[in-house]
Structures are given as C-alpha cells and as structure tokens.
Amino acid sequence: MSPVSLPPAQGIGSIDQDNSPIVEVDVVHSSRALATGIALAAVTLTTQGCTPSSDTTSSGTSSPVAAETSATAPSGGSPSGDTDHYDEILAGDRKVLIHIAEDDKDWSATYEGPIAIGGGTDDGALFRIVPASDGRHLLEALRAREEGGRWCVYGDTRTEPVRLSTKTCAEDETTLFKVTKAGGMDDQGRVTHHLTNERFGAVQVKNDGSALYIQEVGDGGTRGTYSFVDRGPIA
C-alpha cells in the first residue's frame, strides 16, 4: 500500500516532526501595525514641538513679566519723574541749566548782562537757585564777570515788556522769584516749574521762542515752563 500524503498544517497549532508546536507569524499584518505605530509617534512629537513655550507669546515677543523687568526710567529723571538732586538744587547746592520745556532751549547769561536763549553749552548757561526770604529764590548767573562779584537775574524795567538781565546779587523786589511746580514734565521726565516775580508777573517766552520777558498772566495763559538740569555740585 502506498503511503498517504497529508497537507502541511497551517496556522497556530501545527506540529513539527518532533511534536513541538509551531507558531507562525503573519508578517504582512505585523509590518503594517509597526509602521502605523511609528507614524503616530512622529505626529505626536511634531505636535509637541509646535506648542508655544510659557516664556514667549504667540507673536514671539517676551512675556509681560520679562517686559516689565526690562523697563527703565526716562533719561535724565528719576522713576517718579522728579529732577535728579531736586532738593539740593532748590537749596542752592547744585549748578543747573534753566531749561525751557516748550522749546528745548536753555537760559544763557550774556557777558553784557541780558538773559538770552541758547543751547545749554555756552559759558553763560550755568545758574544757581539760591534760597532767599519768604520761600523765594535768587537766580544767580554763574558766568564769571570782569567786575567780579556775584550776579543775579532781575526784572529790567528799562524795556517794555520787562526783560531779564543781571545785576549784583541782592534781595529786592526785582530779583526775587517764586519757584512753583507747573504740574508737568519736560521731554526727559524732569519736573517743570513756573517762575514768578511778585511785582512784574510770570517769566514767559515769546511765541517764536526768541526771547524771555516778565508779564502778568492774561486770559490767554502763560507760555513758559522751566526744568532744572543738574550740572554738578557748587565748587
């Protein structure tokens, strides 16, 4: 009799010749599952990489906390807006420029005496705010004069309106000025002031910025507020 040939066993549960179970792997389906897993992992990593971090905003700028930390005070002024060495300036211990806030110009004591307007770099640009009686001040020009002595700003009545000039320092109705805060600041964050003479009125600036004068304030208000730019201690 001829031997009977049996078809080979397929799938899980086949027996080889030594009676050991044979486990067959579906290679095609396993490969597809592996590829699908890798693709899903790649998508997850890509999504995480696109998520914004907590340190920057969606526009790429620094966070609000970082922005606040880097903020600085205006150049030339303290964080509160006060002029540097403010109390020392009003005590007469510092040299200053008297700065015209409206025109970004400075007072200048000419050699001949009258107060002109300049850029703050000439020999006549330095002044001293000297305390005087009844809360008023003398405005001392620190430009050296051939005659020697100390020279202060006063209201010169030889012109109309009254102009500013200098004469030997002494307290009188023409040389005393009240310094009061104007409630504003100049472009560098320094406090601005009104300067007023009790006899003649407020120190003002012509509309074209060409000259200073003293006059009572009319209905149109006043043009002229002044800040003090510190230029170091009095020697």
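Heavy atoms only: backbone and side chains are in, while hydrogens, waters and symmetry mates are out.
- The side-chain heavy atoms of Val96 and Arg231, taken from C-beta on, include no pair separated by under 4.5 Å.
- The two residues Thr110 and Ala116 come nearest to each other via the heavy atoms CG2-CB, 3.8 Å.
- Using a 30° and 60° split on the angle between ring planes, Trp107 and Tyr226 fall in the perpendicular class, above 60°.
- Grouping the Ile, Leu, Val, Met, Phe, Trp and Tyr side chains by contacts below 4.5 angstrom, directly or via other members, places Leu212 with Val162.
- Contact of the Phe200 side chain with the Thr174 side chain is registered, since non-hydrogen atoms from C-beta on lie closer than 4.5 Å.
- Side-chain contact check for Asp103 versus Arg223: some heavy-atom pair is nearer than 4.5 Å.
- Neither side chain, Thr166 nor Arg143, offers a donor N or O lying under 3.5 Å from an acceptor on the other.
- Transitive grouping of hydrophobic side chains (ILVMFWY, heavy atoms separated by less than 4.5 Å) keeps Leu176 and Tyr154 in distinct clusters.
- Side-chain contact check for Thr175 versus Lys167: some heavy-atom pair is nearer than 4.5 Å.
- The closest side-chain heavy-atom distance from Trp151 to Thr168 is below 4.5 Å.
- Cluster annotation: Leu138 is not connected to Leu142 through the hydrophobic network of ILVMFWY side chains, with a link wherever side-chain heavy atoms come within less than 4.5 Å.
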Exercise for the section: Applying side chain to side chain donor-acceptor pair (under 3.5 Å), run through Ser165 and Arg158 and close with a yes or a no. Expected result: CA-CA 10 Å; Ser165 190; Arg158 294 174 296 178; 4.9 Å; no
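- Looking at heavy atoms from C-beta onward, His137 lies out of side-chain contact with Phe177 at the 4.5 angstrom threshold.
- Side-chain contact between Leu139 and Ile129 is present, with at least one heavy-atom pair separated by less than 4.5 Å.
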